[in-house]
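The block underneath contains the structure these notes are about, expressed in structure tokens.
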Amino acid sequence: MLLSLGGDMSGRSFFQRLSQDPRILNQAWDEVHRNAKSLSKGVDDKTLSAYAAHSQKNLTQLRLKLKNGQFKFSNLRGAALLKANGKFRPLKIATIEDRIVQKAVERLIRKALDNRYKLFNNPVSYAFIKTEDIENFDSSDPQTFKG
């Protein structure tokens with residue numbers, strides 16, 4: 001798996017980057033905590049509330065696993081959600097830690113792409129701009145470009 005935004009191509013440097021600044025995982029945890037369903041647990045059976053009860057200790061341990069190259073994504077837990085029409089929708093649920101790492105990776109990639117997109121300074125391209133970002137978009141200011 002290639003997870004590198006610079007450094008060697010093994011991905012190890014990328015995970016180490018996640019572990020260097022505690023704010024990265026803390027911000028990812030805040031977003032996961034805010035958006036996750038309280039009973040949505042992965043194969044490790046850790047619920048959101050159980051993780052939150054010791055979140056700083058859990059995040060410190062997660063940072064150490066990432067730093068030491070010991071973090072591995074877990075399998076997904078299968079579940080079924082009953083839809084309004086009476087049919088079931090299959091779900092695959094990641095563990096809380098997997099979601100935190102995924103969110104942190106997404107944030108780093110988005111930041112890297114945002115920085116690269118600024119170099120293009122193309123006032124007519126609106127690709128990948130979120131709806132909420134359009135109202136703050138200023139074609140003369142490259143700082144407002146999103147992509």
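Only a predicted model underlies this, so the values are computations on that prediction, with no experimental measurement involved.
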Checklist entry - If we only count heavy atoms from C-beta on, is the Val105 to Val101 side-chain gap below 4.5 Å? => result yes

Item to check | Within 6.0 Å of NZ in Lys83, more than 12 heavy atoms from elsewhere | outcome: yes

Checklist entry - Looking at side-chain heavy atoms only, is the closest gap between Tyr51 and Glu97 below 4.5 Å? => result yes

Next on the checklist: Between Arg77 and Lys92, does the side chain to side chain contact (heavy atoms under 4.5 Å, CB included) criterion hold? Intermediate values first, please.
Outcome noted: CA-CA 5 Å; Arg77 182 176 71 83; Lys92 298 289 185 171; over 6 Å; no

Next on the checklist: If I compare all heavy atoms of Ile93 with all of Arg99, which pair ends up nearest, and what's the gap?
Outcome noted: CG2-NH2, 3.8 Å

Checklist entry - So which heavy atom on Ser55 is nearest to which on Trp29, and how close? => result CB-NE1, 3.7 Å

Checklist entry - Side chain of Asn68, backbone of Gln70: donor and acceptor closer than 3.5 Å? => result no

Checklist entry - Are Val32 and Ile109 connected in the hydrophobic side-chain network, where two residues link if heavy atoms are under 4.5 Å apart? => result yes

Next on the checklist: Working to the nearest 0.5 angstrom, can you tell me the gap between His33 NE2 and Asn35 CG?
Outcome noted: 10.5 Å

Next on the checklist: In the structure I gave you, are the side-chain heavy atoms of Arg107 and Glu31 within less than 4.5 Å of one another anywhere?
Outcome noted: yes

Item to check | Closest heavy-atom pair and its distance - Arg17, Leu108 | outcome: NH2-CD2, 4.3 Å

Next on the checklist: Let me confirm one number: the CZ-CG distance from Phe88 to Leu81, rounded to the nearest 0.5 Å.
Outcome noted: 9.0 Å

Next on the checklist: Please say yes or no: joined through hydrophobic side-chain contacts below 4.5 Å, possibly via intermediate residues, are Leu64 and Leu25 part of one cluster?
Outcome noted: no

Item to check | Stepwise side chain to side chain contact (heavy atoms under 4.5 Å, CB included) test for Asp21 and Arg63 | outcome: CA-CA 9 Å; Asp21 184 353; Arg63 271 193 296 280; over 6 Å; no

Checklist outcome for this item: Shortest non-hydrogen pair, Ala28 vs Ala104, comes out as CB-N, 3.6 Å

Checklist entry - Sub-3.5 Å donor-acceptor pair from the side chain of Asp98 to the main-chain atoms of Phe73, do we have one? => result no

Checklist entry - So do the side chains of Asn58 and Ile100 get within less than 4.5 Å of each other, counting heavy atoms only? => result no

Checklist entry - Yes or no on side chain to side chain contact (heavy atoms under 4.5 Å, CB included) for Thr95 and Val43, after CA distance, side-chain angles and deciding distance? => result CA-CA 6 Å; Thr95 65; Val43 295; 4.2 Å; yes

Item to check | Contact summary for Ser40 and Ile96, nearest pair of heavy atoms | outcome: O-CD1, 4.0 Å

Item to check | Atom CZ of Arg34 with >12 non-hydrogen neighbours under 6.0 angstrom | outcome: yes

